Number of protein chains: 2
Amino acid sequence: MVDDLPHTALPGFMDHPLDIVFAALADPTRRAILAMLLEDDMAVTDVAEPFEMSLTAISKHLTILTRAGLIAQEKRGRVKWCKLDPSGLRSASVWMQGFGQFEPVHLDAFERFLEQELAQDLDPSDADPVRE
Amino acid sequence: MVDDLPHTALPGFMDHPLDIVFAALADPTRRAILAMLLEDDMAVTDVAEPFEMSLTAISKHLTILTRAGLIAQEKRGRVKWCKLDPSGLRSASVWMQGFGQFEPVHLDAFERFLEQELAQDLDPSDADPVRE
DNA sequence: GGCATATTCAACCAAATGGTTGACGATCTT
DNA sequence: AAGATCGTCAACCATTTGGTTGAATATGCC
């Protein structure tokens, strides 16, 4: 038997979204992943490649980034593509701009950049995913 | 017995400053403390007052915020005053503005506000610390 | 079908985190 | 000096985190 709370892991959990966003950003591996995705959308395997860490570990990091709204993942065939999602970063930025008490920031070049990315909707036309 | 590593807790530790800043921001209690300090510099005891948590716990949170460069603490007599420090938030914001690859953000109203605060150099002339 | 590739799941582990309590060193007040 | 107040220290505890490995699940290729 598995005790009695096997539902959806409903404990206190992190209630506030900002907890999740900032916690996600607090790890250097995850920030490095975000920086990589700034250059290109990537498959999980390719994200993992430069790190001296198991694929599983990277997969977990990507899950954390996804739940924080910092990246979005989309499965195409057997490959799961990862791309930046501005929403997480935006909410964090809004808070930081004076803990939400001042006017929200316009993420300037960054937001516009990401919006372009989104518009392309994961078109790996010039990506180079398969390296073998 | 206390084992044998009682020195300064020298393990790997968090190397990158951003790790420390974002980790500090990832806790709702600490963000609430920052929001409180936005209104007024406060003594540790007064910071702790609204929380249902021990003074020790708040003291630890304040240490974490201090090490992250998010607040500064100054002891005056037996009272330790806490005030916001823009440096931590600034470094986080710089990174977020496109992971350091875009132009750094001007923290607008927030920075100017804090610089005024700093100029006043912890003058609790209109603060109301002692409530008894 | 059979095999390789892509990714996650499950179980496990060490270390870090966030909290507690009780004792302690400072400092102010009387 | 005594006592109260401010804050931290030390030890402890439960939970979370970040990693591992081995097996499992999909999907693509021949």
Side-chain angles (χ1 to χ4, degrees), chain A residues 2-3 5-6 9-16 19-20 22-33 42-49 51-68 71 73-82 124 129-132, chain B residues 1-16 19-20 22-33 42-49 51-68 71 73-82 124 129-132:
Chain A
V2 233
D3 261 336
L5 64 151
L10 51 117
F13 233 46
M14 299 223 209
D15 13 4
H16 202 292
D19 295 7
I20 303 175
F22 283 127
L25 292 175
D27 185 279
T29 300
R30 290 193 289 262
R31 287 197 310 276
I33 291 174
M42 297 177 81
V44 174
T45 308
D46 295 313
V47 169
E49 200 256 341
F51 296 97
E52 294 190 334
M53 191 182 301
S54 69
L55 227 198
T56 300
I58 297 295
S59 178
K60 285 185 185 178
H61 280 305
L62 291 171
T63 299
I64 289 171
L65 288 169
T66 301
R67 294 201 316 172
I71 70 170
Q73 292 180 290
E74 181 193 352
K75 195 165 181 180
R76 282 222 217 161
R78 65 178 167 181
V79 174
K80 200 167 193 178
W81 291 91
C82 308
V130 260
R131 326 167 356 271
E132 189 187 18
Chain B
M1 303 238 193
V2 234
D3 264 334
D4 73 321
L5 64 152
H7 261 155
T8 345
L10 51 117
F13 235 45
M14 299 222 208
D15 13 4
H16 202 293
D19 296 7
I20 302 176
F22 283 127
L25 292 174
D27 185 279
T29 300
R30 288 192 290 262
R31 287 197 310 276
I33 290 174
M42 297 178 81
V44 173
T45 307
D46 296 313
V47 169
E49 200 256 341
F51 296 98
E52 295 191 331
M53 191 182 301
S54 68
L55 225 199
T56 301
I58 296 296
S59 178
K60 285 185 184 179
H61 281 305
L62 291 171
T63 300
I64 290 171
L65 289 169
T66 301
R67 295 203 313 172
I71 70 169
Q73 293 181 288
E74 180 193 353
K75 195 166 182 180
R76 282 219 219 163
R78 66 178 165 181
V79 175
K80 200 167 192 178
W81 290 91
C82 308
V130 260
R131 330 171 348 276
E132 187 189 19

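Protein chains get the first letters and strands the later ones, always in sequence-line order, with residue 1 at the start of each. Computed from a prediction, not measured in an experiment: that's the story for all the values here.
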Colleague: Kindly point out which of dT8(D), dG19(D), dT8(C) is positioned nearest to the side chain of S59(B)?
Modeller: dT8(D)

Colleague: Return the value, rounded to whole Å, for the distance between atom CZ of R67(A) and atom P of dG18(D).
Modeller: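 Going from CZ in R67(A) over to P in dG18(D) covers 11 Å.
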
Colleague: Checking contacts here: which listed nucleotide (dG18(D), dG19(C), dT8(D)) is nearest the side-chain heavy atoms of R30(A)?
Modeller: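 Output: dG18(D).
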
Colleague: In whole angstroms, how far is the P atom of dT7(C) from the NE2 atom of H61(A)?
Modeller: 16 Å

Colleague: Return the value, rounded to whole Å, for the distance between atom CD1 of I20(A) and atom C1' of dT17(D).
Modeller: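 Roughly 14 Å, once rounded to whole Å.
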
Colleague: From dG7(D), dG18(C), dG19(D), pick the nucleotide closest to the side chain of K60(A)?
Modeller: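 From the listed options, dG19(D) comes nearest.
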
Colleague: If I take atom CD in residue E49(B) and atom P in nucleotide dC6(D), what distance separates them, rounded to the nearest angstrom?
Modeller: 11 Å

Colleague: Apply the test side chain to side chain contact (heavy atoms under 4.5 Å, CB included) to residues D27(A) and F22(B): give CA-CA distance (whole Å), side-chain angles for both, the deciding distance (0.1 Å), then the verdict.
Modeller: CA-CA 8 Å; D27(A) 185 279; F22(B) 283 127; over 6 Å; no

Colleague: Using the side-chain hydrogen bond (donor to acceptor under 3.5 Å, both in side chains) criterion, which residues pair with S54(A)? Sequence neighbours excluded.
Modeller: none

Colleague: Could you go through the side chain to side chain contact (heavy atoms under 4.5 Å, CB included) check for I58(B) and T45(B) one step at a time?
Modeller: CA-CA 9 Å; I58(B) 296 296; T45(B) 307; over 6 Å; no

Colleague: Is the phosphate of dG19(D), meaning OP1 or OP2, less than 4.0 Å from a side-chain N or O of S54(A)?
Modeller: no

Colleague: From C-beta outward on I64(B), which listed nucleotide comes closest to its side chain: dG18(C), dT20(C), dG19(D)?
Modeller: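 Comparing dG18(C), dT20(C), dG19(D) against the side chain of I64(B), the answer is dG18(C).
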
Colleague: Take the protein atom CG of L62(A) and the nucleotide atom P of dA6(C), then report the distance between them rounded to whole Å.
Modeller: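 Atom-to-atom, L62(A) to dA6(C), this comes out as 15 Å.
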
Colleague: What integer distance in Å separates L55(A):CG from dG22(D):P?
Modeller: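 Value for this atom pair: 15 Å.
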
Colleague: Considering just the side-chain nitrogens and oxygens of T56(B), establish if one lies under 4.0 Å of OP1 or OP2 belonging to dT20(C).
Modeller: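 Answer is no, no contact under 4.0 Å.
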
Colleague: For dT8(D), take OP1 and OP2 only and decide whether either is under 4.0 Å from a side-chain N or O of K80(B).
Modeller: yes

Colleague: Kindly give the atom pairs (protein nitrogen or oxygen, nucleotide nitrogen or oxygen) under 3.5 Å for nucleotides 26-30 of chain C.
Modeller:
from    : atom 1 : to     : atom 2 : distance (Å)
dT27(C) : O3'    : R78(B) : N      : 3.2
dT27(C) : O2     : R78(B) : NH1    : 3.4

Colleague: Stepwise, does the side chain to side chain contact (heavy atoms under 4.5 Å, CB included) test hold for M42(B) with E49(B)?
Modeller: CA-CA 11 Å; M42(B) 297 178 81; E49(B) 200 256 341; over 6 Å; no

Colleague: Quick one: do Q73(A) and L65(A) satisfy side chain to side chain contact (heavy atoms under 4.5 Å, CB included)? Show the steps, please.
Modeller: CA-CA 10 Å; Q73(A) 292 180 290; L65(A) 288 169; over 6 Å; no

Colleague: List in chain and number order the residues that pass side-chain contact (heavy atoms from CB on, under 4.5 Å) with I64(B), two or more places apart in sequence or in another chain; answer none if no residue qualifies.
Modeller: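 So I64(B) forms a side-chain contact (heavy atoms from CB on, under 4.5 Å) with A24(B), R30(B).
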
Colleague: Separation of I58(A) atom CD1 from dT21(D) atom C1', in whole Å?
Modeller: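 Computing the I58(A):CD1 to dT21(D):C1' distance gives 16 Å.
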
Colleague: How many Å lie between CD1 on I33(A) and P on dT7(C), as a whole number?
Modeller: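 In whole Å, dT7(C) P lies 13 Å from I33(A) CD1.
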
Colleague: Which one, dT8(C), dG19(D), dT20(C), comes nearest to the side chain of M53(B)?
Modeller: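 Looking only at side-chain atoms, M53(B) lies closest to dT20(C).
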
Colleague: For W81(B) and V79(B), which heavy atoms make the closest approach, and how far apart are they?
Modeller: NE1-CG1, 3.5 Å

